[in-house]
Structures are given as structure tokens and as C-alpha cells.
> 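Can you keep this structure in mind? I'll have questions shortly.
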Amino acid sequence: MVFRISILLVAILVAAAGLAPGPFNAWIQQQLTGIISSAGWLYLLIVFAALVFLLYLAVGRFASLRIGGEDAEPEFSNASWLAMLFATGMGIGLVFWGAAEPVSHYFKPPEGLTPGSLDAARASMRYVFFHWGLHPWAIYALIGLAMAWFQFNRGGRGLISDLLQPVIGRHHRGWIGHVVNIAAVVATAVGVATTLGFGTIQIAAGVARVTGIPDSIGTELAIIGVAFVLYMASTISGVDRGIKWLSNFNLGLAALLLAMVLVLGPTGFIFDTFTTTLGTYLNQLVNMSLRMSPFSGSTWVADWTIFYWAWWIAWAPFVGAFIARISRGRTIREFVFGVVVVPSLLGFVWFSVFGGTALWMQIIGGVDMSDAMARGYETVLFTLFDHLPLSTVLAGIAVVLLMIFFVTSADSAVLVLASMSTDTPGDPPLRRRLVWGVGVALVAATLLLAGGLDALQGIITIAALPFALLLLLVMLGLYRALNQEYLLRRRREQRARRLIMDWIAREDANPSGGD
């Protein structure tokens, strides 16, 4: 039932966006306005609560508990594990927004700052760290840890509804559980399609830059078609082969592009930007986490922070399920550190290199990045490359990187969507993976036809709201499950300690062994 209803809802979405793109986009924007005005604060509170909860798990009494049991061992090396985490969780977004978002904040800054000022430049980098740092990875880690724990430690099916068993009892297998799973599957499909839409737009811009092929809707649809063939081939090969190999290769390619821009760009300025921004980010973390703008009426928080939080929440079932699949054998402390802290630091380095270079060009290098902004966010990165040595090589690497990130995100998503809409554990059937592969491609294509970036941003914020509320129940359910396991382990340790003490006491009372 979950599979059929989820596919039906996705088909309705595709039909509405494809047959009436104008009215569909207008309806999306109207709903978005209502949600932001009435429930925008809710996104901020829930995401901040998830971060605090994850940090508590990493340093509290549950930190030494192990996913899969005390004798479980990791299936993947640390390098492969982190590569798959990074490629699946952030890939396309980092490339798309790496230079574009800092430049956008510089010209349209938060907190009422003067556009184009040095304060705006500093705030632009600080908010980029905020949007791509600890908060999004905390959301992923929360769902990933909960799904891993219930699947490997409690014999669950790998479904979102299983996470609510400590809260709602046996109803997690009834109609309530079905509704939860349907909401999670639809939100995941929309979240993945949104990300693939961003990737398609920038791949098309990169292809135009490298080959001269015009950036048009026809080019974008052709890119989705090529990517569909590639990600289905990778999905069929499984996690141990296609997804793992592509993730490792793409992490190396991303490191190459990062190193080239670091060396060819303003290296000293980039390092200064990284250290300064990291300090101000940590210093103002709580302030930014809870900041709305009720008095000024500014829409900046809604346009950026709330959109991002909704995006991460919508992606959480997919990324969380994939993280759970590859994280058996990790302790909770190791899991939280590996999923939250390490990828955040990698993201900070990425934005310092690309965002710092873009801002240096605008402020010091005499390059007017506003022209690129006027042509679209997707052109900012390639404008940056145009003013560096080996610009064509850099652009070519970026296009390949985007395409592989597209494939790794989509093939992981197809596998997870098929698993989340199947009641039985294990790898889902090929036919179901094929259906979801087609569905994700169609959603991405129709949203691009309906309204481009505006439609993508609107639909993701709307789709994420039900799952945002669900995160609160997931935190409660996970705490109860971990607390139960912790108490059981303490009782086992105390029983073992008593047995040892009793044996020592008997030996002391009878040192000759009864002779």
C-alpha cells in the first residue's frame, strides 16, 4: 500500500506540474507564503533541537553503545564510509552553491547590513557555514542513527514508521505507520528531485561553457535522460560496487578541483577566510540558529535558512536510510563525529575556497560578479573559473563532478525509496527500483518545466513540514530505545561484576581449593 499510494501521489504531482505549470507554480508560491508566516519558526526550533540532541548522544551515557550490537564490526573503511556520506549528503549542492551563495549574500545580506560592505562579506561566509555545517548533518545523523539502531539492534524493517515504535507501540505497523511511511517516501522523492533539478541547471550551464551547446530546457531534459541511464546502471550494481566506487572516485575528483582552485586562487586570503569565519560561526551559532525577523519584516531568513532547513529535512529519510545502511558496527560517538563533525569541516573548507575566491574577485580582484548573478546562480561558478588560469580544465572537471554527484545521489535515492516502500528487509526488487528511478527523473523534469528554481524551492519547503514534526517523535523514540539498551547493558555488567566478586570471595574463603 505504501508503494502504490506514494507512486500515485508522485504521479499526481508530475501531472499537475506538467499539464499546468503556470497555475501549479502560482499555487506553490501561495502555499509557501502561508507556511512561512505561520510555521517558519517551527523549522528553526526543531533543527536546533536535533543538533543539541545529537551532541548529547555523542558525549553522554549512550556514546559507547554500538550499532548492530557489541560484537558488530564496520563493513566499510573509514575513508569509503566518509566518501559515501559526503557524496550522498551534500554533493550537488556544494558545487551549485559553493561560489553562488556567498556572492548572493554579499549583494543581499542578512541582519540589515549594507549590501556590498565588508560586514556583508563577513556575514555572507558566516551564514554559508551555518547553512551547510552542523545543523543539516545533525538532521541526517538523527534519522540515520535512529534507522540504523532500529534496523540492526531491534530487528526493524528499515522503515521510518519503525522509529516510532517506542512512542506509539504496535500502531507503527498499522495505518498510522503507513501514513508516516507514505509521507517520508513522498518527501524524499521531492527532496531528491529538487537536488537533481539544481544539478541539472548547473550541468547545463557548464556544458554551455565548455562545449558551446546552448543552455535550454531541451539541454536540461537531455541531461536528465543521460543521468537516468547512468544512475539506474549504478543502482543495479549495488552499494558494494557502483555506489561505493563512484563515491570514492568523486571524492578524489572533488579534492582535485578544490586543490586547483586553492593553488590558482588567492591562497592566503582563503586560509584567512576559513579561520576567521569558523571563529565567528562558532561564536554566533545559537544566535543564528534561532534568528527570525518579526520586526523588520525581512524575508531573508525565509528565503534562505528556512528553505535550507526544509531541504535537509526532506532529504533526511533518504540520506538517513543510506547512512544507516553503511554504518553498522559504529559506536554512537563515532557515528555522530563521523556524520556531523567531519563532513561539516569538509564543507567549511569547500566554501572557504570557492566562496572566498569569489568574494576576493569581487572586492579585491576587480571582477564584477553581479553580472553573473543576474544571469543566474548556476553561472557564478563558471564566471569564477573564467578569471583563473586553466579555466576550461576547471570547468570540465566541474561538469564531470556534477554529473557523478548527480548519479551517486540518484542511485542511492532510488535504492532507498524502493526499500522504504517495501515491507520486507533486504534489497528491494529490481522492478520497484526501476519505477522509482523513472519517478525521480519525471519529478525533476516537470518541476524545471513548471518554474525552475522558484518551483523547486517552494515544493521542498511545503513537502518537508509534516516530516519536520515527525522529527520530534523520532528523538523521543530513539531516546527511549537507547535508554532501554543502556539499562540492559548496565544490568549485564552488574551481574557479571557480582559473579566475579562472588568467585573472588569464594577463593579468599577457601584459598587451598578445599584440600
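Positions are given from 1, in the same order as the sequence printed here.
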> I'd like to know if the side chain of Ser327 and the backbone of Ala324 have a donor-acceptor N/O pair within less than 3.5 Å.
no

> Side chain of Trp300, backbone of Lys108: donor and acceptor closer than 3.5 Å?
yes

> I'd like to check the salt bridge (Lys or Arg N to Asp or Glu O under 4.0 Å) partners of Glu220; sequence neighbours left out, ordered by chain and number.
none

> Is there a ring pair (Phe, Tyr, Trp, His ring centres under 6.0 Å) between Trp309 and Phe130? Walk through the geometry before answering.
CA-CA 11 Å; Trp309 283 191; Phe130 174 57; 5.1 Å; yes

> With a 4.5 Å heavy-atom cut-off, do Ile5 and Leu9 have their side chains touching?
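When only atoms from C-beta onward are counted, Leu9 and Ile5 do touch, with a gap below 4.5 Å.
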
> Are Glu334 and Asn78 close enough that some pair of their side-chain heavy atoms sits under 4.5 Å apart?
yes

> Would you check, one step at a time, whether the test side chain to side chain contact (heavy atoms under 4.5 Å, CB included) holds for Val339 with Leu54?
CA-CA 10 Å; Val339 177; Leu54 262 293; over 6 Å; no

> So, do Thr277 and Val128 sit near enough that their side-chain heavy atoms are less than 4.5 Å apart?
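No - every pair of side-chain heavy atoms lies 4.5 Å or more apart.
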
> Working note: Tyr281 + Met125, criterion side chain to side chain contact (heavy atoms under 4.5 Å, CB included); need CA distance, chi angles, decisive distance, verdict.
CA-CA 9 Å; Tyr281 163 71; Met125 290 301 303; over 6 Å; no

> About how many Å separate CD1 of Ile203 and CD1 of Ile224, when rounded to the nearest 0.5 Å?
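One gets 9.5 Å once the value is rounded to the nearest 0.5 Å.
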
> Do any N or O atoms from the side chain of Ser124 and from the backbone of His105 form a donor-acceptor pair under 3.5 angstrom?
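Absent.
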
> Please check this pair: side chain of Arg66 against backbone of Gly329, looking for a donor-acceptor N/O pair closer than 3.5 Å.
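Yes; at least one donor-acceptor contact below 3.5 Å.
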
> Hey, is the main chain of Val2 close enough, under 3.5 Å, to the side chain of Ser6 for a donor-acceptor pair?
yes

> Begin from the C-alpha positions of Leu473 and Val180 and carry the test side chain to side chain contact (heavy atoms under 4.5 Å, CB included) through to its verdict.
CA-CA 11 Å; Leu473 295 179; Val180 168; over 6 Å; no

> Only counting residues at least two apart or in another chain, list the ones meeting side chain to side chain donor-acceptor pair (under 3.5 Å) with Ser289.
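Partners of Ser289 by the side chain to side chain donor-acceptor pair (under 3.5 Å) criterion, ordered by chain and then number, come out as His135.
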
> Measuring from atom OH of Tyr43 to atom CG of Leu471, what distance do you get when rounded to the nearest 0.5 angstrom?
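If we round to the nearest 0.5 Å, Tyr43:OH and Leu471:CG are 10.5 Å apart.
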
> Considering only heavy atoms from C-beta outward, does the side chain of Leu469 approach that of Leu42 to under 4.5 Å?
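SC-SC contact between Leu469 and Leu42 confirmed.
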
> If we ignore hydrogens and angles and just use 3.5 Å, is the side chain of Arg480 paired with the main-chain N or O of Pro166 as donor and acceptor?
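Confirmed, Arg480 side chain pairs with Pro166 backbone.
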
> Does the side chain of Ile143 reach to within under 4.5 Å of the side chain of Ile323, using non-hydrogen atoms?
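A side-chain contact under 4.5 Å is absent here.
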
> Can you measure from CG (Leu113) to OH (Tyr106) and round to the nearest 0.5 angstrom?
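Going from CG on Leu113 over to OH on Tyr106, the span is 12.0 Å.
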
> Look at the aromatic rings of Tyr127 and His131 and report parallel, tilted or perpendicular, splitting at 30° and 60°.
tilted

> Taking all non-hydrogen atoms of both residues, which atom of Phe467 and which atom of Ala184 are closest, and how far apart?
CE1-CB, 3.9 Å

> Do Ser64 and Arg489 have side-chain N/O donor and acceptor atoms under 3.5 Å apart?
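Looking only at side-chain atoms, Arg489 and Ser64 do form a donor-acceptor pair, the distance falling under 3.5 Å.
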
> Quick one, Leu417 and Arg432 - any side-chain contact, counting heavy atoms below 4.5 Å?
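They are not in side-chain contact.
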
> Enter the distance from Phe129:CZ to Thr280:OG1 here, rounded to the nearest 0.5 Å.
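Answer for the CZ-OG1 pair, Phe129 versus Thr280, is 8.0 Å.
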
> Take Ile306 and Trp41, measure what side chain to side chain contact (heavy atoms under 4.5 Å, CB included) needs, and give me the verdict at the end.
CA-CA 8 Å; Ile306 293 177; Trp41 58 272; over 6 Å; no

> So which of Trp149, Phe53, Tyr479, Phe335 actually passes ring-ring contact (aromatic ring centres under 6.0 Å, His included) with Phe62?
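Single ring-ring contact (aromatic ring centres under 6.0 Å, His included) partner of Phe62 among Trp149, Phe53, Tyr479, Phe335: Tyr479.
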
> To check you understand the geometry: which heavy-atom pair defines the closest contact between Val474 and Ala146, and what is its length?
CG1-CB, 3.8 Å

> Taking all non-hydrogen atoms of both residues, which atom of Ala100 and which atom of Met373 are closest, and how far apart?
O-SD, 4.1 Å

> Minimum heavy-atom separation for Thr219 to Ala204, with atom names?
CG2-CB, 4.3 Å

> Give a yes-or-no answer on whether the side chains of Arg291 and Gln284 include a donor-acceptor pair shorter than 3.5 Å.
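The criterion, which ignores hydrogens and geometry beyond distance, is not satisfied for Gln284 and Arg291.
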
> If I compare all heavy atoms of Arg433 with all of Ala418, which pair ends up nearest, and what's the gap?
CG-CB, 3.7 Å

> Would you please test Phe351 and Trp97 for ring pair (Phe, Tyr, Trp, His ring centres under 6.0 Å) and show each step?
CA-CA 9 Å; Phe351 277 101; Trp97 294 109; 9.4 Å; no

> Using modelled atom types and a 3.5 Å cut-off, is there a donor and acceptor pairing between side-chain atoms of Asn181 and backbone atoms of Gly177?
yes

> Which distance, rounded to the nearest 0.5 Å, do you find between the CD1 of Ile313 and the OH of Tyr140?
10.5 Å

> Do the non-hydrogen side-chain atoms of Arg61 and Tyr56 ever get within less than 4.5 Å of each other?
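A side-chain contact under 4.5 Å exists here.
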
> Look up atom CD1 in Ile46 and atom CG in Leu51, then write down how far apart they are to the nearest 0.5 Å.
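Answer for the CD1-CG pair, Ile46 versus Leu51, is 14.0 Å.
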
> Taking side chain as C-beta onward, heavy atoms only, is Leu94 less than 4.5 Å from Phe354?
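No, their side chains stay 4.5 Å or more apart.
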
> Quickly, which of Trp350, Tyr308, Trp137, Phe348 forms a ring-ring contact (aromatic ring centres under 6.0 Å, His included) with Trp132? Name it, please.
Tyr308

> Return the minimal non-hydrogen interatomic distance between Ala50 and Leu142, and the atom names on each side.
CB-CD2, 4.1 Å

> Do the side chain of Thr299 and the main chain of Ala302 share a donor and acceptor less than 3.5 angstrom apart?
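Looks like no, no N/O pair under 3.5 Å.
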
